Amino acid sequence: LRGHASDVYDVAWGKDSSHLVSGAVDSSVFVWNINKAGSKSTGYQQSFRDHHHFVQGVAFDPYMNYFVTESSDRSCKVYKAKKAPKRKPKKSKVNSETPKHNSD
């Protein structure tokens with residue numbers, strides 16, 4: 001995973017199968033959007049370097065609102081997952097006229 005400066009120690013998939021959180025020996029944590037991995041963007045949505053030692057474990061909560069990291073510095077941290085903006089559904093054009101019946 002490009003972005004980490006050293007070996008990745010743990011990864012966890014989100015239940016939507018398009019997000020991945022990774023923790024590495026360089027104490028960094030990245031949240032990846034797999035749908036953007038092939039694009040010109042970096043592919044990751046969030047990055048953190050809050051631990052003082054390597055990150056040993058990562059996990060998403062079942063609703064993907066938060067993720068947690070654990071480190072060899074004997075700390076756990078909880079982060080709010082960044083959500084992709086919701087798209088408004090397109091309004092469908094429906095003919096509002098009532099059907100006319102011929103009475104022949």
Side-chain angles (χ1 to χ4, degrees):
L1 296 170
R2 292 185 181 165
H4 291 289
S6 62
D7 295 337
V8 173
Y9 199 86
D10 194 24
V11 297
W13 283 100
K15 80 175 197 175
D16 67 354
S17 299
S18 66
H19 288 84
L20 180 79
V21 62
S22 60
V25 175
D26 65 359
S27 305
S28 65
V29 175
F30 287 89
V31 179
W32 304 87
N33 182 339
I34 302 306
N35 295 330
K36 291 185 177 183
S39 68
K40 291 183 179 180
S41 80
T42 58
Y44 65 85
Q45 289 183 309
Q46 295 175 276
S47 65
F48 303 94
R49 296 188 188 275
D50 296 334
H51 288 290
H52 299 291
H53 294 283
F54 67 92
V55 178
Q56 292 178 290
V58 293
F60 276 107
D61 83 298
Y63 297 104
M64 292 187 50
N65 293 323
Y66 301 94
F67 62 94
V68 65
T69 62
E70 64 171 315
S71 171
S72 64
D73 64 8
R74 301 173 72 182
S75 70
C76 290
K77 299 189 183 289
V78 178
Y79 299 92
K80 184 162 182 70
K82 186 177 183 181
K83 298 269 187 168
K86 291 185 179 180
R87 295 182 182 177
K88 292 182 181 178
K90 292 182 180 180
K91 293 181 181 178
S92 62
K93 293 182 180 180
V94 177
N95 190 354
S96 62
E97 294 180 22
T98 57
K100 295 179 183 177
H101 296 286
N102 291 337
S103 56
D104 290 330

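Worth knowing before you read on, the calculation uses all heavy atoms, side chains too, and leaves out hydrogens, waters and symmetry mates. Counting from 1, the numbers follow the sequence of the chain as shown. Keep in mind it's a predicted model, so treat the numbers as computed, not measured.
- The NE2 atom of H51 lies 4.5 Å from the OG atom of S75; values are rounded to the nearest 0.5 Å.
- Smallest separation of non-hydrogen atoms from S22 and W32: OG-NE1, 2.8 Å.
- The salt bridge (charged side-chain N to carboxylate O under 4.0 Å, His left out) pairs that include a residue from residues 53-67 number zero, where partners must be two or more places apart or lie in different chains.
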| said: Test side-chain contact (heavy atoms from CB on, under 4.5 Å) on V8 and F30; report intermediate values, then the result. | reply: CA-CA 10 Å; V8 173; F30 287 89; over 6 Å; no
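- The aromatic rings of F67 and Y79 sit parallel to each other, their planes meeting at less than 30°, with 60° as the upper class boundary.
- Note: H19 NE2 to I34 CD1 = 8.5 Å, rounded to the nearest 0.5 Å.
- By the criterion of side-chain heavy atoms lying less than 4.5 angstrom apart, applied directly or through intervening Ile, Leu, Val, Met, Phe, Trp or Tyr residues, V29 is not grouped with V68; the two fall into different hydrophobic clusters.
- Shown here for T69 and V58, the closest heavy-atom pair between the two residues is CG2-CG1, 3.9 Å.
- Residues F60 and V31 meet the side-chain proximity criterion, which asks for heavy atoms closer than 4.5 Å.
- Across all non-hydrogen atoms, the minimal contact from D50 to K77 is O-CE, 3.6 Å.
- Taking OG of S18 as the reference point, atom CH2 of W13 lies at 8.5 Å (rounded to 0.5 Å).
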| query | Can you check side-chain contact (heavy atoms from CB on, under 4.5 Å) on E70 and V55, steps first, answer last? | reply | CA-CA 6 Å; E70 64 171 315; V55 178; 6.0 Å; no
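- Nearest heavy-atom pair, A12 versus A59, reported as atom, atom and distance to 0.1 Å: CB-CA, 3.9 Å.
- The salt bridge (charged side-chain N to carboxylate O under 4.0 Å, His left out) contacts involving residues 8-26 comprise D26-R49, where partners must be two or more places apart or lie in separate chains.
- For the pair S72 and H53, the tightest heavy-atom approach, listed with the atom from each and the gap, is OG-CB, 2.8 Å.
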